[in-house]
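For reference, the structure discussed in these notes is given below.
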Amino acid sequence: MAQYEIKINGKAHQVDVAPDTPILWVLRDHVKLLGTKFGCGIGQCGACTIHVDGVATRSCSLPISSVGESSIITIEGLSENNDHPVQKAWVEHDVPQCGYCQAGQIMNAAAFLDQNPHPSDSEIDKAMNGNICRCGTYVRVKKAIKTAAEQG
Amino acid sequence: MTFIKTKYNRRSFLKASTAAGGGMLLGFNWLVSCSPTAEQLLQMPEEWFDVNAFLKIGNNGVVTIMSPNPEIGQNVKTSMPMIVAEELDVEWKNVIVEQANYDIKKYERQLAGGSDSIRKGWQSLRMAGATARRMLLEAAAKEWSVPVSELTTEAGVIKHSSGKSAGYGEMASAAVQITVPEEVQLKDPKDFKIIGTPTKNVDGQKISKGEPLFGLDYQSEGMLTAMIVHPPAFGMRLKSVNDSAARAMSGIKDIITIDCLPDGTEKLWSDVNAFPELVAVVGDSTWEVMKAKKALEIEWEVVSEGESTTDYKDALSKLLEGSADEPARKDGNPEEAFKNAAKVIEQTYSAPFLAHNTMEPMNFFADVTKEKAELAGPIQTPEYLSKTVASVLGLPEDKVSIAMTRMGGGFGRRLYGNFGVEAALISQKINAPVKLIYSREDDMTQGTYRPAYEVKYRAALDEENNLIGFQIRGAGVNGSPVFANRFPAGAIDNYMVENFNLESNISTGAWRAPSSNFIAYAEQSFLDEIAEAIGKDPLDFRLELFEKAISNPVGEKNDYDAKRYAGVLKLIKEKAQWGTKKAGVSRGVSAYFCHNSYVAQVVDVVMKDGEPVIQKVWCAVDCGIVINPEGALNQIEGGIIDGIGHAMYSGLTFNKGKSDQNNFNKYRLIRHQEAQMEIESFFVDNGMDPTGLGEPSLPPVAAAVSNAFYAATGKRVTSQPFVENM
């Protein structure tokens, strides 16, 4: 066990965990931020996507020992009032079915649009390929990203 | 207008509360459980009045409607309350939706399965709203000393012809004193305002904010985390455990073994779990428990032979070579027809096991004491879980409570609540509240899988290319996929179905549109093969068969309405402009009936780099009245992508009882880049009572795809997943 201070959504948190503890479980079990989801544990599904210094990252495969001073943003910290253009577009297009993967989809899409504000269709498809939606909401995910790109 | 007796499900309409005056103040717990939005909180009433089990009305007119059924992503948490709100006659913006807990005393069928929530809830939901509306009207009539017949309602306001009016909130305290009416009047569907209006998911905002809605998010004071270890292969069981290293690890509280189906347990249909004896690791945090699992030294023993993919594939093929003792259906004289045939067409189709792979792995919370068991989590069948938990824990059933969380997918897996029983047993044994979590590997390798299937179709043609005989032999692991009385039964004079069962120690169960998810592919592909052999357009050939089933049906037990079936085909023919050639586009058609709904689809395929690529799916649906067109379209799109994805890419294979795939790096699911086809859907507007929609768009699409692929490439795909068999 070791003491860590990590910055999540602009706030410092002290946790006492083993160095190999993935950030996903630090968030969920210790900081009690439950919006970041557990899907596969091996970085294959994208449900656990967060931003680390602005980059979309699979938190299930990121040990706390490697985070250091980096700034972590989770779905809870993406916007103050659920008004990030991606979140607004998600509501507008009524994207979710079960909803479980959607925080990861939104976080992945938000980081992608930060880097590429006016993406082509194929750039969107490629960027979102790591996020599985078992309900098959992919068509709406894409429509929402296009709306967010227009309005962001 | 329809008048309907309230006797049906009347217990739901009796006051749930005996609080003085019928009103009750609801506390913080309720606000947490339904988590209203910020705007809704601002308009919170000072007092709520419980009118019946489905709804309560605030003194300011805000209405809370209970969603009785489990929410797995089929969006019943939006559509079921819409039906209540319609008959109550309130504005949807003044409705707060609350997920009901499992309560067999209040609700009739709290189950998510069979695409039945709306179909079976339709009457009771309408009556819940209509009964409450009637009680409000009677209360107003009494207060104003006017006959009820002079009163009308509009958007939550009661109006009298004199001009007098009152909001529902003002009449709520008086309404709860009114005797529940013997008979209520339902709206004429042409007056529906909420039903038929595209309405956003009630949890949409909360989902995009990442609010804790799911079972895995459930929190309770002092709660520990548990994970299980199950045998590494079907046919094996626990022999011994050496847990000394794991016990010494950081954060580990206990390591125990449990038996979920001890001798003498009366098994329900939901108790199909192949691994009742498990090792459970309990600790403070998930990661610590995950690490301790790896430090366990466990010995397993073989109780029955572990099967490999070649074993059951060979066994299924062998079954199809023989005759069944008794056909499941026989019309006319099929043997004679095949003997006299000028030509016989034959094809065998097959598909592998599939895992459900809900994105939220199996999990459940349980807090069990000597007196009671409190459970919470994602479950499609709370009633069955409650019964099994009571029986295994040795508690009376009324001492088991279940709170239903939103589910990160179901697809049938959460019909089988072994994980809930496991959580309850672990909590009982360690005497503490516990949340059980499966890893993805635990989830994928301990499934109630879609069985592997093989089916052989034969068609007899005479000299003039008339279809004179039809024979189906279907075999599956733990059951044949063939529905003997579904189409094309009824449309062919000489017809025979034979079903074969291959017993296996691999646990199987319902997977979105059970059996249909495969048989629609085989049947609708084979019909194309016949159409080609006799030189007919595949869509017109199907319509001819339906004409026969309408005008001169064969047999009496045909489980479909041939007119509605033909209706969706005609609609898609018109909408997709079937028959007009588009340069570079190859097309396939398919139609299927399940869950009382009819679906026809046309798939357009183009060739890219020598490979067929799906460009567009056209879909016509007859599911009667569409409650929420927005949610309905989402279900249809999802079913189509799910159907394409599993037909194209997915499969679970076995080696000596152990699945070769245990996570998404080995088990292929459709991904974003593969799901970029356009989907356009059309509804038949017939005003009939609503039927299922969570499943029916899935089964036909695999055949529409394979038929389009055949049109594009000249090669027929007869095995799933397509990518491995093209």
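By convention in this document, chain letters (A, B, ...) are assigned in the order of the sequence lines, proteins followed by strands, and residues within each chain are numbered from 1. All values below come from the heavy atoms of this structure, side chains included, with hydrogens, waters and symmetry mates left out.
Proximity of Trp90(A) to Ile207(B): side-chain heavy atoms (C-beta onward) are nowhere separated by under 4.5 Å. Side-chain atoms of Phe38(A) and Glu360(B), non-hydrogen and from C-beta on, never get closer than 4.5 Å to each other. Between Ile42(A) and Phe664(B), the closest side-chain pair of non-hydrogen atoms is not below 4.5 Å. Side-chain contact between His30(A) and Ser285(B) is present, with heavy atoms from C-beta onward closer than 4.5 Å. The shortest distance between side-chain heavy atoms of Thr286(B) and Arg28(A) does not fall below 4.5 Å. Under the 4.5 Å side-chain criterion, counting only non-hydrogen atoms from C-beta, Tyr100(A) is in contact with Leu216(B).
With a 4.5 angstrom heavy-atom cutoff, Phe214(B) touches chain A only via side-chain atoms. With a 4.5 angstrom heavy-atom cutoff, His93(A) touches chain B only via backbone atoms. Interface remark: Lys37(A) contributes side-chain atoms only to the contact with chain B (heavy atom separation under 4.5 Å). In this structure, chain A has a heavy atom under 4.5 Å from the backbone of Thr199(B), while its side chain stays farther away. Using a 4.5 Å cut-off between heavy atoms, Asn131(A) contacts chain B through its backbone alone, with no side-chain atom that close. Only the side chain of Glu288(B) comes within contact range of chain A, with heavy atoms under 4.5 Å apart. The parts of Ile124(A) that come within reach of chain B are both its backbone and its side chain, each placing non-hydrogen atoms under 4.5 angstrom from that chain. When heavy atoms are compared at a cutoff of 4.5 Å, Arg134(A) approaches chain B by way of both its backbone and its side chain. Within the 4.5 angstrom heavy-atom criterion, only backbone atoms of Glu92(A) (N, CA, C, O) approach chain B. Residue Val26(A): no heavy atom, backbone or side chain, is found under 4.5 Å from chain B. Contact of Tyr438(B) with chain A is made through the backbone alone, with heavy-atom distances under 4.5 Å. For Leu78(A), no part sits under 4.5 Å from any heavy atom of chain B, backbone or side chain. Only the side chain of Met1(A) has a heavy atom closer than 4.5 Å to any heavy atom of chain B. Contacts between Met444(B) and chain A at a heavy-atom distance below 4.5 Å are absent for every atom of the residue. Contact of Asp29(A) with chain B is made through the side chain alone, with heavy-atom distances under 4.5 Å.
The candidate with the highest count of non-hydrogen atom pairs below 4.5 Å against chain B, out of Thr74(A), Ile75(A), Asp121(A), is Ile75(A). Taking Glu71(B), Gln74(B), Met359(B) one by one and counting their heavy-atom pairs under 4.5 Å with chain A, the maximum is reached by Met359(B). Options Leu669(B), Leu633(B), Asn201(B) differ in how many heavy-atom pairs under 4.5 Å they form with chain A, and the most are formed by Asn201(B). No other option in Pro96(A), Ala103(A), Ser79(A) has as many heavy-atom pairs under 4.5 Å with chain B as Pro96(A). Note on Cys98(A), Gly35(A), Ser122(A): by heavy-atom pairs under 4.5 Å with chain B, the leading option is Cys98(A). Most heavy-atom pairs under 4.5 Å with chain B: of the set His84(A), Lys126(A), Gln105(A), this distinction falls to Lys126(A). Between chain A and the residues Asn634(B), Ile679(B), Asn75(B), the most heavy-atom pairs under 4.5 angstrom are made by Asn634(B). Here Asp20(A) is the residue among Asp20(A), Val17(A), Val139(A), Leu24(A) with the most heavy-atom pairs under 4.5 Å with chain B.
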Quiz item: Please walk me through it: do Glu637(B) and Arg140(A) pass salt bridge (charged side-chain N to carboxylate O under 4.0 Å, His left out)?
Solution: CA-CA 9 Å; Glu637(B) 290 161 13; Arg140(A) 283 172 190 246; 2.8 Å; yes
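The CZ atom of Arg671(B) sits 6.5 Å away from the CG atom of Asn129(A) when rounded to the nearest 0.5 Å. With values rounded to the nearest 0.5 angstrom, Cys45(A) atom SG is found 11.0 Å from Asn665(B) atom CG. From Ile670(B), atom CD1 reaches atom OH of Tyr138(A) across 7.0 Å, with rounding to the nearest 0.5 Å. Interatomic distance, CG of Asp94(A) versus OG1 of Thr78(B), reported as 7.5 Å (0.5 Å rounding). Rounding to the nearest 0.5 Å gives a distance of 13.0 Å between CG of Leu34(A) and OH of Tyr218(B).
Between the Asp125(A) side chain and the His672(B) main chain, no donor and acceptor come within less than 3.5 Å of each other.
Close approach to chain A, defined as a heavy atom under 4.5 Å from one of its heavy atoms, is seen in Ile641(B), Asp642(B), His646(B) of residues 641-648 of chain B, taken by number. Contacts of residues 59-73 of chain A with chain B at a heavy-atom distance below 4.5 Å are absent; not one residue qualifies.
No more than 12 heavy atoms of other residues, nucleotides or ligands sit less than 6.0 Å from atom NZ of Lys88(A). Applying the 6.0 Å contact sphere to NZ of Lys253(B) captures no more than 12 heavy atoms from other residues, nucleotides or ligands.
There is a side-chain donor-acceptor pair under 3.5 Å between Asn82(A) and Ser208(B). Judged by distance alone, the side chains of Gln219(B) and Lys32(A) do bring a donor and an acceptor atom under 3.5 Å apart. A donor-acceptor contact closer than 3.5 angstrom links the side chains of Gln676(B) and Lys142(A).
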